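Here's the structure we're looking at; comments come further down.
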2 protein chains.
Amino acid sequence: MKRARTTLTGQELEIMKVIWKLGTPTVRQVYETLLERRKVAYTTVMTMMNILEQKGYLKKRQGDRAFVYAPSRPEKQVIRAMVREFVDRVFNGAAEPLLLHLVEDDQLTKEELDEIRKSIRP
Amino acid sequence: MKRARTTLTGQELEIMKVIWKLGTPTVRQVYETLLERRKVAYTTVMTMMNILEQKGYLKKRQGDRAFVYAPSRPEKQVIRAMVREFVDRVFNGAAEPLLLHLVEDDQLTKEELDEIRKSIRP
DNA sequence: CTGCTAGTACTAATGTTTTAGTATGAAGCG
DNA sequence: CGCTTCATACTAAAACATTAGTACTAGCAG
């Protein structure tokens with residue numbers, strides 16, 4: 001009955017992403033969206049969504065026939081927490097090295113760098 | 001006998017960080033460094049280091065008495081791969097949103113932003 | 001009514017990561 | 001030598017994450 005872990009695991013994130021996209025889906029809708037990309041059982045999706053509810057990421061209410069789920073935290077906030085956790089774990093909390101990694105790596109196009117440069121201006 | 005996973009898990013990273021810091025330590029040295037922060041068994045550290053060897057992150061050679069381990073890949077390279085994996089998983093491969101997250105979040109001091117602004121210049 | 005469909009609850013197998021115990025041997029000391 | 005210490009190999013349990021099966025219910029098409 002106890003769910004200690006508070007952060008999202010890999011598969012949980014995948015499901016949350018689908019839910020954020022769909023808005024307030026039922027298990028079936030999430031299931032079908034996932035199916036487009038990979039084989040998965042309906043009950044697996046249900047289990048995951050129940051876990052996500054227990055963890056406080058989802059709320060459910062009785063819908064017409066099936067339960068309707070809704071995210072209880074906005075995507076941005078959750079992602080932000082994940083970034084923070086990653087920065088803590090990998091860079092001991094210092095965001096700068098991560099930024100430098102991203103910048104010096106050629107994962108960014110010139111246009112993107114431009115964008116950033118603009119948004120970074122005080 | 002099969003070790004599929006190629007990326008570092010949480011605890012593995014913790015150990016690799018200690019090893020990068022120490023250079024070419026024995027199990028005991030890693031063990032003692034870890035002990036300063038948390039309780040852990042000697043054999044646990046050994047197991048982890050063996051796994052890291054199997055995964056190709058460490059090389060070992062016979063030392064005076066115990067095995068001496070050395071990182072087989074530079075820290076920077078490994079961290080880079082982790083960043084890439086994170087960006088893929090969380091941001092579907094787009095580095096820019098992550099950068100914006102970092103920038104707009106107040107995790108960075110003015111000085112750090114200055115630094116970055118400089119390094120971002122073409 | 002009867003059988004089919006969609007739904008949930010409960011349970012459980014499988015997989016992976018993390019932690020550590022036990023057996024065993026080499027080396028040094030008194 | 002006999003005992004303690006430090007080391008490794010092998011084994012495995014605990015904890016966490018992922019996937020799915022089974023039983024049961026309600027509603028609806030025929």
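The chains referred to below are lettered A, B, ... by the order of the sequence lines, with proteins before strands, and numbering in each begins at 1. Because the structure is a prediction, the values reported are computed rather than measured.
What separates OH of A:Y69 from C1' of C:dG7 is a distance of 11 Å, to the nearest Å. Straight-line distance from the CG atom of B:D64 to the P atom of D:dT8: 12 Å, rounded to whole Å. Atom CZ of B:R61 is separated from atom P of D:dA7 by 16 Å (rounded to the nearest Å). To the nearest angstrom, P of C:dT18 lies 16 Å from CG of B:N50. As a whole-Å value, the separation of B:E12 CD from D:dC16 C1' is 15 Å. The CG atom of B:L52 sits 13 Å away from the P atom of C:dT19 (whole-angstrom rounding). In this structure, CD of B:Q54 is placed 15 Å from P of D:dT8, rounded to the nearest angstrom.
Listed by chain and residue number, nothing satisfies the salt bridge (Lys or Arg N to Asp or Glu O under 4.0 Å) test with A:K59 (two or more places apart in sequence, or in another chain). For A:T43, the side chain to side chain contact (heavy atoms under 4.5 Å, CB included) partners two or more places apart in sequence, or in a different chain, are A:A41. Listed by chain and residue number, nothing satisfies the side-chain hydrogen bond (donor to acceptor under 3.5 Å, both in side chains) test with A:K21 (two or more places apart in sequence, or in another chain). Residues that satisfy the side-chain hydrogen bond (donor to acceptor under 3.5 Å, both in side chains) test with B:T33, not counting sequence neighbours, are absent from this structure. Contacts of B:R28 classified as salt bridge (Lys or Arg N to Asp or Glu O under 4.0 Å), with partners at least two apart in sequence or in another chain: B:E32. Taking B:E14 as the reference, B:Q11, B:L34, B:R37, B:R38 meet the side chain to side chain contact (heavy atoms under 4.5 Å, CB included) condition, with sequence neighbours excluded. For the side-chain hydrogen bond (donor to acceptor under 3.5 Å, both in side chains) test, no residue two or more places apart in sequence or in another chain qualifies with B:T44. Not counting sequence neighbours, the partners of A:K17 by the side-chain hydrogen bond (donor to acceptor under 3.5 Å, both in side chains) test are B:N92.
Heavy-atom distances to DNA chain D give each of A:G10 and B:A66 a nearest nucleotide, and the one nearer the 5′ end belongs to B:A66.
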Atom pairs under 3.5 Å, N or O on each side, protein against nucleotides 19-24 of chain D: can you list them with distances?
unit_1	atom_1	unit_2	atom_2	d
D:dA20	OP1	A:K39	NZ	3.2
D:dA20	OP2	A:A41	N	3.0
D:dA20	OP2	A:T44	OG1	3.4
D:dA20	N6	A:T47	OG1	2.6
D:dG21	N7	A:T43	OG1	3.2

Close N/O contacts between protein and nucleotides 26-30 of chain C (under 3.5 Å):
none

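Taking every heavy atom of residues 14-36 of chain A and every atom of DNA chain D, no pair lies under 4.0 Å.
Rounding to the nearest 0.5 angstrom, the gap separating the CG atom in A:L52 from the CD1 atom in A:I19 is 6.0 Å.
Looking at heavy-atom distances under 4.0 Å, A:Y42 makes contact with a base.
Using the six-membered ring where Trp is involved, B:Y42 and B:Y31 have ring planes that are perpendicular, over 60° apart on the 30 and 60° scheme.
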Can you give the donor-acceptor pairs under 3.5 Å from side chains of residues 62-74 of chain A to other protein atoms, not counting sequence neighbours?
unit_1	atom_1	unit_2	atom_2	d
A:Y69	OH	A:N50	OD1	3.2
A:S72	OG	A:G56	O	2.7
A:S72	OG	A:Y57	O	3.1
A:S72	OG	A:L58	N	3.3

